[in-house]
Amino acid sequence: IEKLKLDTNRLLHTNHINIQFTLSSGISIYPDNRMKDLLNVAYKALSTANKQGVGYSVVFDKNKIDGNTNNPIGYDEIKKALTDGQLTMYYQPIISVANKSIVGAEALMRWVHPIKGIIPPDLFIPMAEKTGLISELGKFAITCTIVQLAQWNALGFKRIQVAINLSLREIESTNPHEHIAALLDKHNIKASQIKIEVTENITMNNQEQSYKQFSKLKALGVDISLDDFGTGHSSFSMLKAFPINTVKIDKSFILNISTNKDHQNIVKAMIVMVHTLGMKVIAEGIEDINSVQILEKLNCDYIQGYYYGKPMPVFEFQEQIRADKQKSDENNILDIS
């Protein structure tokens with residue numbers, strides 16, 4: 001490790017470039033750890049190294065590092081879930097405030113493990129991001145959603161728009177527009193039925209690259225939604241810099257909006273600002289009728305939450321669409337953008 005630090009340090013100091021370099025590392029050793037566990041325990045050791053400070057190296061020791069902390073889900077398990085068909089998409093309805101009709105849905109990944117049952121994404125997405133599997137999960141979500149939309153369209157279901165979550169890292173490091181364009185063409189789906197929801201509330205690594213990717217998605221006719229709005233500076237930066245159609249107000253402002261006057265005022269200001277910029281607003285985290293009535297008075301466009309439906313498997317969501325009496329033609333559906 002020390003030699004690696006020195007070698008890299010020399011590399012970064014060539015050509016009159018001065019960069020301060022530090023390297024933290026997590027190390028796993030075979031046969032002290034099983035072959036299939038080497039990558040997982042190395043990440044746990046790295047997490048311990050990062051907690052100690054800058055430039056530390058830690059060798060995994062099961063007597064000193066809790067093997068059950070950080071990421072209980074392993075790389076091999078996620079890879080197997082992808083290849084064995086254990087992953088599926090659930091759908092949560094998005095409702096028009098004006099007529100209380102379903103106009104869209106958010107596609108949410110679920111892992112149906114044969115032993116552990118349903119595993120929510122917050123337990124496996126962090127490992128997927130660290131290992132690079134996140135791009136494969138993103139492609140899976142896009143493929144499943146577009147195939148499902150094609151099936152619903154063919155069966156005569158109400159035409160809706162579905163939001164797919166992608167992180168900024170995925171958008172910056174891959175070309176999602178190419179994958180989406182190929183699938184839309186293959187399944188004869190209009191791009192306007194797809195919305196990409198940007199989920200990471202972090203500063204962009206490469207704003208120019210992100211802008212290019214967003215622009216390519218927009219050129220296809222795909223809508224862009226900004227999630228978790230109001231929780232950080234980067235949300236406001238993206239609002240100014242990128243071609244966004246819809247802003248989703250974070251549920252932390254919505255859950256107690258009926259009793260918290262400050263949150264009501266904040267949400268009102270957000271809605272006015274977003275509307276002024278020519279965008280639409282979705283409020284998530286709706287759990288009671290009082291919240292619905294307040295958001296209606298505040299001129300919110302769309303709402304989403306357990307009051308109208310939890311994330312649900314395909315057949316259950318289809319029943320919700322079927323029960324939704326009001327019919328909308330394709331032009332009305334696109335009003336969600």
Side-chain angles (χ1 to χ4, degrees), residues 90-108 120-123 125-126 161 163-169 171 195-204 207 210 214 223-312 335-337:
Y90 276 38
Y91 299 89
Q92 185 173 29
I94 296 174
I95 310 297
S96 167
V97 174
N99 55 33
K100 308 303 184 294
S101 175
I102 296 175
V103 292
E106 180 179 0
L108 298 157
D122 59 327
L123 294 183
I125 291 297
Q161 184 183 63
I164 305 167
N165 296 308
L166 292 182
S167 70
L168 275 174
R169 288 189 181 95
I171 292 172
K195 183 191 293 292
I196 295 302
E197 193 164 288
V198 186
T199 58
E200 276 187 350
N201 188 24
I202 61 170
T203 303
M204 286 156 286
Q207 182 168 325
S210 295
F214 280 124
D223 285 345
I224 307 294
S225 178
L226 178 61
D227 196 10
D228 301 329
F229 184 69
T231 58
H233 172 72
S234 62
S235 293
F236 292 91
S237 299
M238 289 182 66
L239 201 61
K240 295 187 299 180
F242 295 104
I244 292 168
N245 302 89
T246 309
V247 169
K248 180 178 282 188
I249 297 177
D250 187 70
K251 63 183 179 183
S252 62
F253 295 100
I254 305 298
L255 289 175
N256 60 352
I257 193 171
S258 59
T259 57
N260 190 318
K261 193 68 177 178
D262 288 338
H263 279 193
Q264 287 184 32
N265 292 331
I266 291 170
V267 170
K268 179 180 179 180
M270 287 180 180
I271 292 173
V272 170
M273 178 182 66
V274 171
H275 282 170
T276 300
L277 294 172
M279 306 169 190
K280 297 292 180 68
V281 179
I282 300 176
E284 64 176 341
I286 308 301
E287 295 189 351
D288 56 68
I289 188 61
N290 291 333
S291 299
V292 175
Q293 293 170 345
I294 289 171
L295 289 164
E296 190 169 11
K297 291 178 182 178
L298 296 178
N299 296 317
C300 184
D301 302 293
Y302 306 101
I303 48 182
Q304 175 184 352
Y306 275 38
Y307 182 73
Y308 286 102
K310 65 183 188 305
M312 58 192 79
D335 184 52
I336 194 173
S337 64

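By convention here, the first residue in the shown sequence is residue 1. Excluded from the calculations below are hydrogen atoms, water molecules and symmetry mates; all remaining heavy atoms, backbone and side chain alike, are included.
Asn256 meets the side chain to side chain contact (heavy atoms under 4.5 Å, CB included) test with Thr259, Asn260, His263; sequence neighbours excluded. For the side chain to side chain contact (heavy atoms under 4.5 Å, CB included) test, residues two or more places apart in sequence or in another chain that qualify with Asn290 are Ser258, Asp288, Gln293. By the side chain to side chain contact (heavy atoms under 4.5 Å, CB included) test, Asp250 is found to be paired with Asp228, Thr231, Ser252, Phe253, Glu284, residues two or more places apart in sequence or in another chain being considered. Partners of Glu296 by salt bridge (charged side-chain N to carboxylate O under 4.0 Å, His left out), not counting sequence neighbours, listed by chain and number: Lys100. Legend: residues meeting side chain to side chain contact (heavy atoms under 4.5 Å, CB included) with Lys310, ordered by chain and number and at least two apart, are Tyr306, Glu316.
Between Ile244 and Met279 there is a side-chain heavy-atom pair separated by less than 4.5 Å. Side-chain contact between Leu298 and Val267: present, with at least one pair of heavy atoms (C-beta onward) separated by less than 4.5 Å. The side-chain heavy atoms of Val281 and Phe229, taken from C-beta on, include no pair separated by under 4.5 Å. Proximity of Glu106 to Ile164: side-chain heavy atoms (C-beta onward) are nowhere separated by under 4.5 Å. Contact check for Leu295 versus Ile286: side-chain heavy atoms found under the 4.5 Å cut-off. The shortest distance between side-chain heavy atoms of Val97 and Asp301 does not fall below 4.5 Å.
At least one donor-acceptor pair under 3.5 Å links the side chain of Gln264 to the backbone N or O of Ile257. A side-chain donor-acceptor contact under 3.5 Å links Asn245 to the backbone of Ile224. Distance alone, capped at 3.5 Å, places no donor-acceptor pair between the Ser291 side chain and the Glu287 backbone.
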| request: Apply the test side-chain contact (heavy atoms from CB on, under 4.5 Å) to residues Tyr307 and Ile95: give CA-CA distance (whole Å), side-chain angles for both, the deciding distance (0.1 Å), then the verdict. | output: CA-CA 11 Å; Tyr307 182 73; Ile95 310 297; over 6 Å; no
| task | I would like to know whether Ile94 and Ile102 meet side-chain contact (heavy atoms from CB on, under 4.5 Å); could you show each step before the answer? | result | CA-CA 6 Å; Ile94 296 174; Ile102 296 175; over 6 Å; no
| Does the pair Ile196 and Ile171 meet the rule for a side-chain contact (heavy atoms from CB on, under 4.5 Å), with working shown? | CA-CA 10 Å; Ile196 295 302; Ile171 292 172; 4.3 Å; yes
| request: Begin with the C-alpha distance, continue with both residues' side-chain angles, and end with the deciding distance and a verdict on side-chain contact (heavy atoms from CB on, under 4.5 Å) for Leu108 and Tyr91. | output: CA-CA 6 Å; Leu108 298 157; Tyr91 299 89; over 6 Å; no
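Only one option out of Lys195, Glu197, Lys280 pairs with Thr246 in a side chain to side chain donor-acceptor pair (under 3.5 Å); it is Lys195.
For the atom pair Ser225 OG and Tyr302 OH, the distance stands at 11.5 Å (nearest 0.5 Å). Remark: Ile249 CD1 to Cys300 SG distance equals 6.0 Å, nearest 0.5 Å.
Residue pairs meeting the salt bridge (charged side-chain N to carboxylate O under 4.0 Å, His left out) criterion with at least one member in residues 259-274: none, sequence neighbours excluded.
Of all heavy-atom pairs spanning Gly285 and Lys251, the tightest one is CA-CB, 3.8 Å.
Defined by atom type and a distance below 3.5 Å, a donor-acceptor pair is present between the side-chain atoms of Gln304 and Lys248.
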